[in-house]
Enquirer: 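A single structure is presented below for examination.
These numbers come from the heavy atoms of this one structure, side chains and all, not from hydrogens, waters or symmetry mates. Atoms within a ligand are numbered from 1 in the order they appear, just like the ligands themselves. Not measured: the values here are computed from a predicted model.
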Amino acid sequence: MKKLIISIILFSHSVSAQYTDINIVKEVKVKNKGVVVSAHPLASEAGAKILKMGGNAYDAITATQYALAVVYPQAGNIGGGGFLVGAKSNGEKFTIDYRETAPKKASRDMYLDKNGKANTDLSQNGRLAVGIPGSVAGFFATLKYCKLPMNQIIQPAIDLAEKGFAITDQEAAMLNSQKEYFQKHNKSSILFVKETPWKGGDLLVQKELTETLKLIQKLGAKGFYEGKTADLLVAEMKKGNGIITLEDLKNYKVAERKALEFDYKGNNVVTMPLPSSGGVLLAQMLRMAAFENLEKYQQNSTPAVQIMVEAERRAYADRAEYMGDPDFIEDKTSYLISENYLKNRWKSFSFNKATPSSEVGNIIKQPKESTETTHISVIDKDGNAASVTTTLNGYYGSKVLVTGAGFFLNNEMDDFSVKPGVPNMFGAVGGEANAIQPNKRMLSSMTPTIILKNGKPYMVVGTPGGTTIPTSVYQSIVDVVDFKLNANISVNAPKFHHQWLPETVSVENNFPEATISELKAKNYVIEKIKQIGKTEMIVIDDNGTIHAVADGRGDDSVAVE
Ligand code: DON
């Protein structure tokens, strides 16, 4: 299987429009320098440029997010939301939750028809699918950890939008695949739809987005949540069935939450608490797997996959039952990750055969959950670490572009449980805890994570992939901590995923066939899928060497300051 591992691929510098002195690659090993790993070479470069200008990890990750909103519109955004997990070199840890919220006019049954049937087209596409965007508020909330002013941090994104950049082959293919949906969900023709198909190398100049970014640069968060941009967003809502009002936008607030921290084999895992299920699931899965001395086995071997999948099954059953926005429901995290609770949960584990999902959770009661997202991992030369996962949910979110403002709106409402037992676009089900309520945050799976060893950054990791996010981050940690694999092998080796419902275990196409056969013999139902996640990982060894790896599955890139 090792042969499958992708070796270092150097990016051509032709994509690098502006900062040609910055090194952009798939994998790097450096010391005493800052690195940025993101889904796009120009976005990583924007972050590295900010590091060079004297910014820290938080300046860089904010600049990278703005740049992704320009060069990676399928997921990078100002019309969506995300989570930042930070661990500063002085020991301080923090998170910023800029998840979207449900509009004031949202209600529990808003996606049900007269007969009580859920219409997931409405929660997934078009104006009614949009949650109140949190990203811009999140960037401004991050400023207190930054060293540079916002007008400098946002500038690389403005340059990319204004001067344009050459799109990659992957982005061209993605835009072409969405043409029909863009036409269906927008009232007039949009920049992203052309007569002739997009191809790699085409120049994309975004005038309206440039103006929106300049308003933010000039007026701060008000340049987005009030005034012209807000008016355009609300006007876009009124072109269809959208319900977001000016008041909703003005009232949006980020939440600064205490990071969820737990020990894993002597390492301090710092991750996102609710309303992301990611951190809780990660703690549950790692702790259950630890009951079986996972380190004895090898990556993607049958016993290792069994242990990990069975931990996933039990944790995801809890997700459906108990997890939601902690400002609206009782937060049961400490109980759910406690040793006693998990030991009890693990009693039914057997190496002999798969545990049926019906034995670990209440299937009848459960509803279902909903795909584009992106992760950024950053470390600066002083040892400040930043981990952000940000999302529009589906590719280009709701597919609705705000006319006149040039950005896509999310379809995050689908991450609520639109009806108990009805799966969202990721097949996740949920219930009462994740039911829709005005101002509530929809449950997420995003798992931006930092691991500290002896108080110093050891790993910075995260990925997109909907419900596969926590399980991918879980595999990354087990790979490095238990299997002692390097970051490149961990990121690029084939991944697997299970989420309680459906009963299936998904594996990437190149997953070892021997393991697949052995698992089938133990009653596991295996489904091959093209891709699981796009992981951006930084590992820092005991000598302080930074090993940064951008996922080989996409255009993902590492930039060094
Ligand atoms: O917050 C969540 O869990 C989802 N909206 C994330 C979506 C996602 O990762 C799509 N990526 N492929």
Side-chain angles (χ1 to χ4, degrees), residues 38-39 68 72-77 79-85 95 97-102 120 123-125 129-135 138 170 174 177-178 271-282 316 319-320 323-325 368-376 387-399 408-418 423-430 434 440-449 461-473 495 497 499 506 508 529-536 551 553-556:
S38 86
L68 283 167
Y72 194 66
Q74 58 184 273
N77 68 81
F83 301 124
L84 165 69
V85 172
T95 79
D97 164 356
Y98 40 104
R99 182 70 163 167
E100 300 90 328
T101 53
T120 49
S123 64
Q124 290 172 13
N125 299 297
V130 185
I132 301 160
S135 292
Q170 284 214 6
M174 189 62 84
S177 74
Q178 300 295 310
T271 186
M272 197 63 208
L274 293 175
S276 182
S277 61
V280 186
L281 292 171
L282 192 60
Y316 276 76
R319 179 190 197 278
M323 298 182 211
D325 181 346
K368 175 174 176 178
E369 190 185 351
S370 163
T371 120
E372 184 58 2
T373 303
T374 191
H375 182 81
I376 314 161
S387 192
V388 160
T389 314
T390 176
T391 188
L392 287 169
N393 198 24
Y395 297 111
Y396 310 95
S398 61
K399 329 278 186 197
F408 282 106
L409 290 165
N410 68 81
N411 59 339
E412 220 72 60
M413 290 296 283
D414 191 61
D415 271 349
F416 279 116
S417 210
V418 302
N424 72 5
M425 55 195 260
F426 300 102
V429 290
N434 190 30
K440 188 176 175 183
R441 287 163 150 83
M442 54 295 281
L443 184 64
S444 174
S445 300
M446 295 188 289
T447 317
T449 298
V461 63
T463 178
T467 44
T468 69
I469 295 171
T471 54
S472 292
V473 172
K495 294 216 157 48
H497 169 75
Q499 60 179 48
S506 307
E508 285 186 303
I529 59 174
K530 190 171 157 236
Q531 186 177 328
I532 299 180
K534 287 206 300 165
T535 302
E536 320 295 1
D551 202 306
R553 293 167 182 81
D555 294 323
D556 313 54

Enquirer: At under 4.0 Å between heavy atoms, is it the side chain or the backbone of Met442 that contacts ligand 1, or both, or neither?
Expert: neither
Enquirer: Just so I know, are the side chains of Asn77 and Thr390 near enough to count as touching, which here means a heavy-atom distance under 4.5 Å?
Expert: yes
Enquirer: Test your reading of the structure: does Leu443 have an N or O sitting under 3.5 Å from an N or O of ligand 1?
Expert: no
Enquirer: Would you say Arg99 touches ligand 1, if touching means a heavy atom closer than 4.0 Å?
Expert: yes
Enquirer: Please could you name the atoms of ligand 1 that Ile469 approaches to less than 4.0 Å, counting only its heavy atoms?
Expert: 9 (O)
Enquirer: Considering Thr390, Thr373, Thr467, which one's heavy-atom position lies nearest to atom 8 (C) of ligand 1?
Expert: Thr373
Enquirer: What I'd like to find out is whether the side chain of Arg319 reaches to under 4.5 Å of the side chain of Ser445, using heavy atoms alone.
Expert: yes
Enquirer: For ligand 1 and Pro464, I'd like to know whether there is a polar contact (N/O to N/O, distance under 3.5 Å).
Expert: no
Enquirer: For Glu412, is there any backbone N or O sitting under 3.5 Å from a side-chain donor or acceptor partner on Glu100?
Expert: no
Enquirer: Could you tell me which atoms of ligand 1, counted from 1 in the order shown, lie closer than 4.0 angstrom to a heavy atom of Thr391?
Expert: 5 (N), 6 (C), 7 (C)
Enquirer: Provide the number and element of each atom of ligand 1 under 4.0 Å from a heavy atom of Gly466.
Expert: 6 (C), 7 (C), 8 (C), 9 (O), 10 (C), 11 (N)
Enquirer: Holding to side-chain contact (heavy atoms from CB on, under 4.5 Å), I want the full list of residues that pass it with Gln499, two or more places apart in sequence or in another chain.
Expert: Tyr316, Thr467, His497, Pro502
Enquirer: Answer yes if the side chains of Arg441 and Thr101 hold a donor-acceptor pair under 3.5 Å, and no otherwise.
Expert: no
Enquirer: What residues form a side-chain contact (heavy atoms from CB on, under 4.5 Å) with Pro73, not counting sequence neighbours?
Expert: Glu171, Phe192, Tyr396, Phe408
